[in-house]
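First the structure, in the form of structure tokens, and then the observations on it.
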Amino acid sequence: MMTRFRIDLQDLLFGLFLVAVATGTLVATRNLTVGHAADMGPGYMPRVVALALLGFGLFFTGRGFWGTGRGIAAVELRPLLAILASVGVFALAAERLGLAIVSVVTVVFASLATREGRLLETVPFAVALSGAAVLLFVKLLGLPIPIWPR
């Protein structure tokens, strides 16, 4: 009995992407102090996340080699632009608008990625998510992020 060797290009490329991101992160954080779980240094979490990404990347790369042989779906412009716009808005406006407002705007932009999104459902979800982000990042973790516009 002969085994069929088919490459699943989607899994293979995704796995290689994760491996590349993990490798880049490990290289970029190589000079940061790692510490240990009880006393974490600035390089601890990036390396833990990078190692997890590396594991997932190797898994998907391996699965790509023994996959179903399916190709890559065509790229849809609407979700791509909506997600890029939401990330760009967050990156460019977080300092000026503050976390509370920019989080709402980001979620509204991201909701444009699908035709199923409805503004009346998205805005309350965005407000709740914004409140959770402020509570987590500013209040609990104490990160120096402005909540409101300066």
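Positions are given from 1, in the same order as the sequence printed here.
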Which atom names give the shortest non-hydrogen contact between [X] and [Y], and what distance separates them?
X      : Y      : answer
Ala110 : Ser86  : N-CB, 3.7 Å
Ala22  : Ala50  : CB-O, 3.2 Å
Phe109 : Ala85  : CD2-CB, 4.0 Å
Leu32  : Arg47  : O-NH2, 3.7 Å
Val108 : Val123 : CG2-CG2, 4.4 Å
Pro124 : Leu119 : CD-O, 4.2 Å

Hydrophobic clusters here meaning ILVMFWY residues chained together by side-chain heavy-atom distances under 4.5 Å, can you tell me if [X] and [Y] are in one?
X      : Y      : value
Leu141 : Leu99  : yes
Val75  : Phe14  : no
Phe60  : Phe17  : yes
Val107 : Val134 : no
Val34  : Leu26  : no

Tell me, do [X] and [Y] make a side-chain contact under 4.5 Å, heavy atoms counted?
X      : Y      : value
Phe59  : Leu54  : no
Thr33  : Pro42  : yes
Val49  : Thr25  : no
Leu58  : Leu18  : no
Asp8   : Arg63  : no
Leu143 : Val138 : no
Val48  : Met40  : no
Glu121 : Glu116 : no

Spacing of [atom1] belonging to [X] relative to [atom2] belonging to [Y], to within rounding of 0.5 Å:
X      : Y      : atom1 : atom2 : value
Trp66  : Arg6   : CH2   : CZ    : 15.5 Å
Arg78  : Thr114 : CZ    : OG1   : 7.0 Å
Leu16  : Asp11  : CG    : CG    : 10.5 Å
Thr122 : Leu129 : OG1   : CG    : 11.5 Å
Tyr44  : Asp39  : OH    : CG    : 10.5 Å

_More than 12 heavy atoms of other residues, nucleotides or ligands under 6.0 Å from CZ of Arg96: yes or no?_
no
*Say whether, by atom type as modelled, one donor and one acceptor occur between the side chain of Thr23 and the main chain of Val19 under 3.5 angstrom.*
yes
